[in-house]
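This one's a predicted model, so the numbers in the text were calculated from it and none came from an experiment.
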Amino acid sequence: MPTPRSGSSMPAANSPFRSLAKELSVSASSLYNHVQGKGEIIELMRGRAMAEIELPDLGQVSWQEAVRAIAMEYWASYSKHPRLIPLLTSHTVRDSTTPRVYDALAEALALAGIEPGRRLQAITIIDSFVLGSALDAAAPKIVWEASAESSSYFKEALDAGLADSNRPKATFELGLDMLLGALGRQATADSDGA
């Protein structure tokens, strides 16, 4: 299938076929020679975004470093393509490049000692956190605006937090630290219960 011209962003999967075809410099009818519909287009774009993720060598880093590296790469990729996120969550993962990311997460969590059922839950939590944080990275600089009824506590938080031009990434990194701490406690609980 043709790819978008160099320098252009990934086309939105919810665009009509004509708009997508125009972005790809092909006719709308020719798209049907390459894809079977919107679902396949979404999977192709998911694969393209996931292919950008560089995975760590799990034999060379701790499980925490591996999960952190994967989450940071995942966040960086989807922060560039936030319009894909709502579409991705409404379609089953079928592309061939995405499972390598989930395989690496599952292996890192297994190395931590997290049992299989909890491992899938942890992957889901990481997935949700990364995708939500990628949406935050695409949000306007002023995400919240205090009203006259807002508490002084919220207003103080806004004044302090919104002044940070790196707020989305700093918030993601803080949340990731918290998440890794919770996963570490879960790994300890799972190994103590074994």
Side-chain angles (χ1 to χ4, degrees), residues 9-10 12-14 35-139 143 166-194:
S9 63
M10 193 179 302
N14 60 348
V35 297
Q36 304 232 343
K38 180 180 176 180
E40 190 172 347
I41 291 169
I42 291 169
E43 286 308 297
L44 288 168
M45 289 193 285
R46 180 194 317 266
R48 181 171 164 191
M50 293 300 260
E52 295 176 7
I53 298 171
E54 290 185 38
L55 299 176
D57 180 346
L58 295 174
Q60 300 296 316
V61 297
S62 70
W63 73 266
Q64 295 98 329
E65 291 168 323
V67 172
R68 177 180 301 285
I70 293 165
M72 292 296 295
E73 287 277 327
Y74 191 6
W75 178 82
S77 177
Y78 279 92
S79 292
K80 292 186 277 187
H81 311 295
R83 290 175 52 190
L84 275 180
I85 295 169
L87 298 168
L88 299 178
T89 59
S90 65
H91 285 73
T92 301
V93 176
R94 292 193 175 93
D95 82 278
S96 61
T97 59
T98 300
R100 70 185 185 86
V101 174
Y102 294 114
D103 286 340
L105 277 173
E107 186 175 344
L109 294 168
L111 291 171
I114 296 177
E115 61 93 8
R118 293 268 191 222
R119 207 175 301 149
L120 182 59
Q121 290 173 332
I123 290 168
T124 303
I125 292 165
I126 293 165
D127 207 34
S128 298
F129 175 67
V130 169
L131 294 175
S133 295
L135 287 173
D136 182 45
V143 179
N166 195 35
R167 185 197 59 77
K169 186 174 183 189
T171 301
F172 173 70
E173 289 173 345
L174 174 62
L176 187 54
D177 287 343
M178 293 173 163
L179 186 55
L180 286 168
L183 288 171
R185 289 187 296 280
Q186 183 63 55
T188 300
D190 285 355
S191 65
D192 289 347

Atom [atom1] in [X], atom [atom2] in [Y]: separation rounded to 0.5 Å?
| X | Y | atom1 | atom2 | result |
| --- | --- | --- | --- | --- |
| Leu176 | Met178 | CG | CE | 11.0 Å |
| Leu109 | Gln186 | CG | CD | 10.5 Å |
| Glu54 | Ile70 | CD | CD1 | 12.0 Å |
| His81 | Arg48 | NE2 | CZ | 6.0 Å |
| Met50 | Glu52 | CE | CD | 10.5 Å |
| Phe129 | Tyr74 | CZ | OH | 12.5 Å |

Can you confirm whether [X] sits close enough to [Y] that some side-chain heavy atom of one is under 4.5 Å from a side-chain heavy atom of the other?
| X | Y | value |
| --- | --- | --- |
| Ile126 | Tyr102 | no |
| Leu84 | Arg46 | no |
| Leu183 | Gln64 | no |
| Val130 | Phe172 | yes |

Residue pairs passing the salt bridge (charged side-chain N to carboxylate O under 4.0 Å, His left out) test where at least one lies in residues 102-112, sequence neighbours excluded:
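Listed by first then second residue: nothing to list.
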
Answer yes or no: is there a donor N or O on one side and an acceptor on the other, between the side chain of [X] and the main chain of [Y], under 3.5 Å?
| X | Y | value |
| --- | --- | --- |
| Ser77 | Glu73 | no |
| Glu65 | Ser62 | yes |
| Trp75 | Ser133 | yes |

With sequence neighbours left out, write down each residue that passes salt bridge (charged side-chain N to carboxylate O under 4.0 Å, His left out) with [X], or none if nothing qualifies.
| X | value |
| --- | --- |
| Asp177 | Arg68 |
| Arg94 | none |
| Asp127 | none |

Minimum heavy-atom separation for [X] to [Y], with atom names?
| X | Y | answer |
| --- | --- | --- |
| Pro168 | Ala137 | CB-CA, 3.7 Å |
| Ile85 | Leu131 | CD1-O, 3.6 Å |
| Ala108 | Leu58 | CB-CD2, 4.2 Å |

Could you go through Arg83 and Met45, starting from their C-alpha distance and side-chain angles, then the distance that decides it, and tell me whether this counts as side chain to side chain contact (heavy atoms under 4.5 Å, CB included)?
CA-CA 11 Å; Arg83 290 175 52 190; Met45 289 193 285; over 6 Å; no

Distance-only criterion, 3.5 Å: show the donor-acceptor pairs between side-chain atoms of residues 112-123 and protein atoms not counting sequence neighbours.
| from | atom 1 | to | atom 2 | distance (Å) |
| --- | --- | --- | --- | --- |
| Glu115 | OE1 | Gly117 | N | 3.0 |
| Glu115 | OE2 | Arg118 | N | 3.2 |
| Arg118 | NH1 | Gln121 | OE1 | 3.3 |
| Arg119 | NE | Ile114 | O | 3.0 |
| Arg119 | NH2 | Ile114 | O | 2.9 |

I'd like to check the side-chain hydrogen bond (donor to acceptor under 3.5 Å, both in side chains) partners of Asp95; sequence neighbours left out, ordered by chain and number.
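Result, side-chain hydrogen bond (donor to acceptor under 3.5 Å, both in side chains) vs Asp95: Thr97, Thr98.
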
